[in-house]
Each structure stands twice: as C-alpha cells, then as structure tokens.
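Side chains included, hydrogens not; waters and symmetry mates left out as well; all remaining heavy atoms used.
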Amino acid sequence: MGDETRAHDTATLDDLSPPARGRGRMADEVYDKLLAQLMSQRIVPGSRITIDALAREMGVSQTPIRDALGRMEADDLVVRIPHAGYRIPPQITRSRFEDMVEIRLLLEPAAARRAAERATTEQVARLRGVLDEMVELAEGEVHTYGAFGLRDAVFHDLVAESAGNQVVREALGRLHTHVHLFRLLYDTQVTYLAMGEHDEVLAGIAARDPDAAAYAMRRHILLSAERFGRLFADDGEDDPRFEG
C-alpha cells in the first residue's frame, strides 16, 4: 500500500498542497469522523468500505482517506481486503465476549498487582495522564465516545506494561477487548462508571498496594462485563458467571 500511496501523493499539484502538516490534520479529521461512525454503528459491522466512496462522501481527496484507514487498520478497527478496499470487523458474539471476560479475569488483576510492585514514577504519571484525557473526553458525543474507548485501551495497556511482563501485555493486546466492547454500546454513562473504576485501579498502583490494585482491576472487569453482558442476555438477566 505504501508504493501506491506514494504514487498517488505525487500525481497532481493538488496533492502537494497544502503542506504535509495540513494533510495530517485532514487525515485526523477523517479518522475522527470514521471512528464516530464506527462506534455509533452508522457503519454497519461486517460491511465493506472503499476509499473512492469515502472520498466522495466526505468531499476530500483519497490521500487523507488512505492515511486515516491505515491508522484504523493498525488499531484493528478495519481489515484491509487486497484489491477490494476495507471491511468493518463483525460484532463479537456472546461466546466470544464471555471468553474475553474469562481471560481478562485471569490476566489483568495479576498485571495490576505486579504494576503496584514494579511501576516507575514515570509510568504512574503516564497512567494519570491517560485518565485526565479520558475526563476531558467523557462529556463529548459519539465523536469523543470513540476516542474515549481507545484511551480506555491505552490505560489497560499501560497497566500491563507497568507490570513488566511483555507476554501478558501482548496477549491482552491481541484481544482488542476495548474496541469490541465500545462498539457494542454508545452510552455516556459507561464512561463515567469506567472512570471511577480506573481511578481505583490507579490508586492501588500509586499507593504500591498490590492487593488493592488487583481487587480494583477485578472489580472493574466484573462490573464492565455486567454492563456489556446485558446486551447478550436473551431473557434480560445477567450471566451468573460474571456476578460480583
């Protein structure tokens, strides 16, 4: 894709202007718009999207569309289909959701415990910085709800990084849990609840209290599972396996 993009970038004078910084800002705007459509399911899970169609819809050249989709592919928000554009990943199933909760309960409380023992002052500050960013995003609409979901993923990744176990971090990263969950439901109440639970996790890590950090993380995962699990319940009741 890189050679094709470079060829397109040099095709016309229009593509050389405005300067690269301007193109970057345009790609950011396109990314934000696509993320909002994805999280609100205006773009239907499983559907295919093409660069030409998006360029016409948004009234921009193909270059920022390519840049934005490249970023979304790196974030596992879209899947590139050779010679056919991109596809939105299908929505997760109940079985997949339950499997993700199970593996998170095995790995993330242990990671939080280790983070309380091993996190550097810099890593604690970075965790606090991510939570501050999430506070700024929490009062937004769908547009910022999608960005909140990605920052949620960053917070959990930083906890795993602070634990110092790269294998655990990679295993959690491959789940792409937060992308899947935040695509399930647009509900600003979810953001406020998650923020309070994140604060408790960070408090345990910052206090160097492994038991408190592990407990807070387990509680967060269980409460999150309860919130999102209702979407899969055929009878409207919670799954008893995930009761606190």
Side-chain angles (χ1 to χ4, degrees), residues 35 39 74-77 97 99-140 143-229 241-244:
L35 181 62
M39 291 299 188
D75 291 335
D76 290 285
L77 296 170
F97 169 78
D99 287 346
M100 287 195 304
V101 172
E102 186 173 349
I103 197 66
R104 290 184 70 194
L105 287 171
L106 290 173
L107 296 180
E108 292 203 68
R113 175 179 295 277
R114 285 287 183 247
E117 297 171 342
R118 300 174 177 177
T120 65
T121 301
E122 178 186 359
Q123 287 172 326
V124 171
R126 286 167 60 199
L127 285 164
R128 172 53 60 191
V130 172
L131 294 190
D132 289 343
E133 292 175 6
M134 294 172 78
V135 169
E136 294 178 3
L137 292 168
E139 295 182 357
H143 173 89
T144 51
Y145 179 78
F148 183 96
L150 294 184
R151 300 314 291 168
D152 187 284
V154 170
F155 176 81
H156 283 262
D157 179 67
L158 284 175
V159 171
E161 176 191 305
S162 302
N165 189 319
Q166 187 61 26
V167 174
V168 170
R169 184 184 181 193
E170 291 172 358
L172 290 170
R174 283 194 294 270
L175 292 176
H176 307 298
T177 300
H178 305 83
V179 168
H180 289 305
L181 292 184
F182 279 83
R183 286 172 61 210
L184 283 172
L185 173 69
Y186 169 57
D187 185 350
T188 54
Q189 183 66 16
V190 169
T191 64
Y192 290 105
L193 294 171
M195 282 191 301
E197 293 157 19
H198 289 154
D199 281 337
E200 292 175 2
V201 173
L202 179 54
I205 293 173
R208 309 302 180 184
D209 187 334
D211 289 340
Y215 175 81
M217 181 63 83
R218 177 175 175 80
R219 179 173 179 273
H220 169 51
I221 293 170
L222 286 169
L223 290 173
S224 177
E226 182 181 343
R227 288 191 291 268
F228 288 104
R241 292 193 300 163
F242 303 133
E243 291 180 353

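- Note: Glu200 CD to Leu202 CG = 11.0 Å, rounded to the nearest 0.5 Å.
- Annotation for Ala214 and Pro109: closest pair CB-O, 3.5 Å, computed over non-hydrogen atoms.
- Between Val130 and Arg151, the shortest heavy-atom distance links the atoms CG1-O, 3.6 Å.
- Once rounded to the nearest 0.5 Å, the distance linking NE2 of His156 with CG of Leu127 reads 10.5 Å.
- Residues Glu117 and Pro210 come closest through the heavy atom pair CG-CG, 3.6 Å.
- Salt bridge Asp199/Arg128: present, at least one basic N to carboxylate O contact under 4.0 Å.
- With sequence neighbours left out, Arg208 forms a salt bridge (Lys or Arg N to Asp or Glu O under 4.0 Å) with no residue at all.
- For the side chain to side chain contact (heavy atoms under 4.5 Å, CB included) criterion with Leu107, the lone passing option out of Val168, Val167, Asn165 is Val168.
- Scanning for side-chain hydrogen bond (donor to acceptor under 3.5 Å, both in side chains) contacts around Arg218 gives an empty result, with sequence neighbours left out.
- Evaluation of the salt bridge (Lys or Arg N to Asp or Glu O under 4.0 Å) rule for Glu197 yields Arg227 as partners, not counting sequence neighbours.
- Residues Phe155 and Glu133 are not in side-chain contact: their nearest non-hydrogen atoms beyond the backbone lie 4.5 Å or more apart.
- Smallest separation of non-hydrogen atoms from Gly204 and Ala116: O-CB, 3.9 Å.
- Closest approach of Ala111 and Ala163 over heavy atoms only: O-CB, 3.3 Å.
- Counting heavy atoms from C-beta outward, Met134 and Leu131 have side chains that approach closer than 4.5 Å.
- Atom CD1 of residue Ile205 and atom CE of residue Met217 lie 6.0 Å apart, to the nearest 0.5 angstrom.
- Arg104 CZ to Leu222 CG: the interatomic distance, rounded to the nearest 0.5 Å, is 10.0 Å.
- Using a 4.5 Å heavy-atom cutoff, the side chains of Glu108 and His220 are not in contact.
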